[in-house]
Amino acid sequence: SPHRFVTTMRRALESEYVSAHLHEWVDLIFGHAQRGAAAEERHNVFFYLTYEGEVDLEAVDDPAERLALETQVACFGQTPPQLFGAPHPARRAPLAFTRPLHWGPPAPGAIRPFARLPLRLTAAAATAAGGGFAPGALALVGLCASGEPEYRRLVCVDASASVHAVKWPPPGGRALPPVASARRHCSTQMPASDVQKAAWQAILPGGDANGRGALVLSGGQWDGALCAYSEGGRTLSTHHQHSRAITCVALSSSHALLLTGASDTTVVLWETGLGGGAARGGAAGAAPLRPLRTLRGHVRELTAVALSSELGVAASGAADGAVLLHTCHNGCLLRSISHPASQPIAHLHVSAVHCRVAFGSAHPGATELYVHALSGARLHTLHAQGGVRCSLLTPDGALLVLGGGSGHLAAWRVDDGQLACLFEPTAAGVSCATVSANELLVGTQEGEIVGYAFDPSVAYPRVDGRSVRDSAGWAQGRVQ
């Protein structure tokens, strides 16, 4: 099929073999092997009129001869200018991926967790939080990692709207004692399930090296407000563009754009002013949210949104199973795709690297995620064991991580729909997840954060013992 052809060619062009021989192509087209003995040796010789500087048209007086030369150039073209007189150096191979010490040795079979961090609401914290929350485990609905590797912190939001900030990874990979926090960022959200609360939460990572100053963006307000909160629970700003409650929120990979969907059937595209990882001055530097445009076309309330700033595409899913694709620059409707069973859309992702749209339903018992091309053609159907409660697209857009209510966890390749790797199930259902520094961090319904080693060597297909995809993009020590 055309999609299979493009996928195969992309893998070939991004392979290490092509990277290792790319300098030879540069020598032929722009380098020392374009002319002379090196060109003759490589059979890289063309008609003399195609080379730059061989003919001076201004010096030709005969109109017929001048026309013949111009026709030759127009019909057969010219070789590019010669830029290099010496052989071009070869591209250095990417550094071999080094497993961090806290991961421990690799084990066969499913990837095992290297750290577990339980979060609990103690009696004192529950009293301080108010609202009748009882001590014990709290389901996590949002998770974000920020800061440099040596100062990395996790900021997570639980179902009681409390914000937890902890250092990651735990020292020596050991499980830390329970961490308690009662800094609630909101007490006026509408009643909803944990899945709905996860959909209307988004966390902007901290802008400094220490990862501090994270912002919690949240919907779920009865008046349709989008609220920005600091880690300490202080309200920094509120924005009103929807007439009814916001039901879903999504950030672009660069954090420069934000997409919100609401019960009023509209989708609003926002500019955060934080593109390119611009630093913020701590919690006081609230995100300067600015609405760009309103996207329309749905007839039922929105249940999921996704955004790709690389493609300039905004995707939105509604309760009637309709998925609409709009352009970000002018809001035009590109495509309409429907769920096969017309079930409410709960999981929605746009992969820029493969130009794919993946969506699925949160209907009890639903185990499928459907992968479509941007043209609307269905390419694959992913079947997740134990249903799909949480889904995550990796930062490079190559893998879909699916977590179930029974704790099952697996990663699937977006390009061919094949299973990439399995993770050891968690003790409770998976409720949220994020990827940071080659680690998959998962939050559960019992308030536990579980860390898995996300080794790129097991995540991508391999041919002759070598990855067909440059996995250095996952490694911190990438060499260009």
Side-chain angles (χ1 to χ4, degrees), residues 140-146 153-165 183-190 192 194-207 211-242 244-263 266-275 277-292 294-295 302-307 309 314 316 328 348 392 431-434 443:
L140 299 179
V141 296
L143 190 62
C144 176
S146 61
R153 300 168 68 248
L154 293 186
V155 178
C156 48
V157 179
D158 61 37
S160 72
S162 296
V163 181
H164 306 261
R183 294 178 293 177
R184 301 186 61 210
H185 72 81
C186 181
S187 60
T188 60
Q189 288 178 332
M190 301 174 63
D194 294 347
V195 175
Q196 291 173 312
K197 291 179 180 179
W200 71 44
Q201 304 276 358
I203 305 176
L204 276 168
R212 300 188 180 277
L215 298 177
V216 179
L217 303 176
S218 179
Q221 313 292 330
W222 64 271
D223 59 351
L226 175 65
C227 302
Y229 304 92
S230 67
E231 289 184 25
R234 185 165 63 93
T235 302
L236 301 177
S237 60
T238 58
H239 309 267
H240 294 82
Q241 285 295 317
H242 295 281
R244 299 181 65 182
I246 293 176
T247 55
C248 42
V249 178
L251 278 166
S252 65
S253 58
S254 63
H255 302 147
L257 296 176
L258 175 75
L259 199 64
T260 58
S263 300
T266 64
V267 179
V268 176
L269 181 65
W270 306 73
E271 185 179 47
T272 66
L274 304 174
R280 297 185 296 276
L289 297 177
R290 182 173 69 90
L292 296 179
T294 301
L295 312 178
L302 275 297
T303 54
V305 289
L307 186 60
S309 56
S316 54
C328 291
L348 184 59
L392 168 72
S431 55
C432 57
T434 187

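Worth knowing before you read on, the calculation uses all heavy atoms, side chains too, and leaves out hydrogens, waters and symmetry mates.
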Closest heavy-atom pair, I203 versus A214, reported as atoms and distance to 0.1 Å, is CG2-CB, 4.4 Å
Are T272 and L289 packed together at the side-chain level, in the sense that at least one heavy-atom pair is separated by less than 4.5 angstrom? yes
Considering all heavy atoms of both residues, which atom of S431 and which atom of A198 are nearest to each other, and what is their separation? O-CB, 4.4 Å
Treating S218 as the side-chain partner and C227 as the backbone partner, does any N or O pair qualify as donor plus acceptor under 3.5 Å? no
Atom pair CG/CG of L259 and L302 - distance to nearest 0.5 Å: 8.5 Å
Looking only at heavy atoms, which two atoms of A228 and L217 are closest? And how far apart? CB-CD2, 3.6 Å
So, using side chain to side chain donor-acceptor pair (under 3.5 Å) as the criterion, who are the partners of T434 when residues are at least two apart? none
With heavy-atom distances below 4.5 Å as the criterion, would you say the side chains of L258 and L204 are in contact? no
How far apart are the closest heavy atoms of A159 and K197, and which atoms are they? O-NZ, 2.8 Å
Once side chain to side chain donor-acceptor pair (under 3.5 Å) is applied, do any residues pair with S253, and if so which ones, sequence neighbours excluded? E310
Among residues at least two apart in sequence or on other chains, which ones pass salt bridge (charged side-chain N to carboxylate O under 4.0 Å, His left out) with R290? E271
State, yes or no, whether a side-chain contact exists between T247 and Q196 at a heavy-atom distance under 4.5 Å. no
Go through the structure and list residues passing side chain to side chain donor-acceptor pair (under 3.5 Å) with T260, not counting sequence neighbours. H242, W270
Not counting sequence neighbours, which residues clear side chain to side chain contact (heavy atoms under 4.5 Å, CB included) with S252? List them please. S254, L257, L307, S309
Taking only residues two or more places apart in sequence, or in another chain, which ones meet T303 in a side chain to side chain contact (heavy atoms under 4.5 Å, CB included)? A319, I345
About how many Å separate CH2 of W200 and CG of L226, when rounded to the nearest 0.5 Å? 13.0 Å
Value for CG (L269) from OG (S316), rounded to nearest 0.5 Å, stands at 11.5 Å
Value for SG (C432) from CG (L143), rounded to nearest 0.5 Å, stands at 5.0 Å
Minimum heavy-atom separation for L295 to A314, with atom names? CD1-CB, 3.8 Å
Rounded at 0.5 Å granularity, tell me how far CD in Q241 sits from CD1 in I246. 9.5 Å
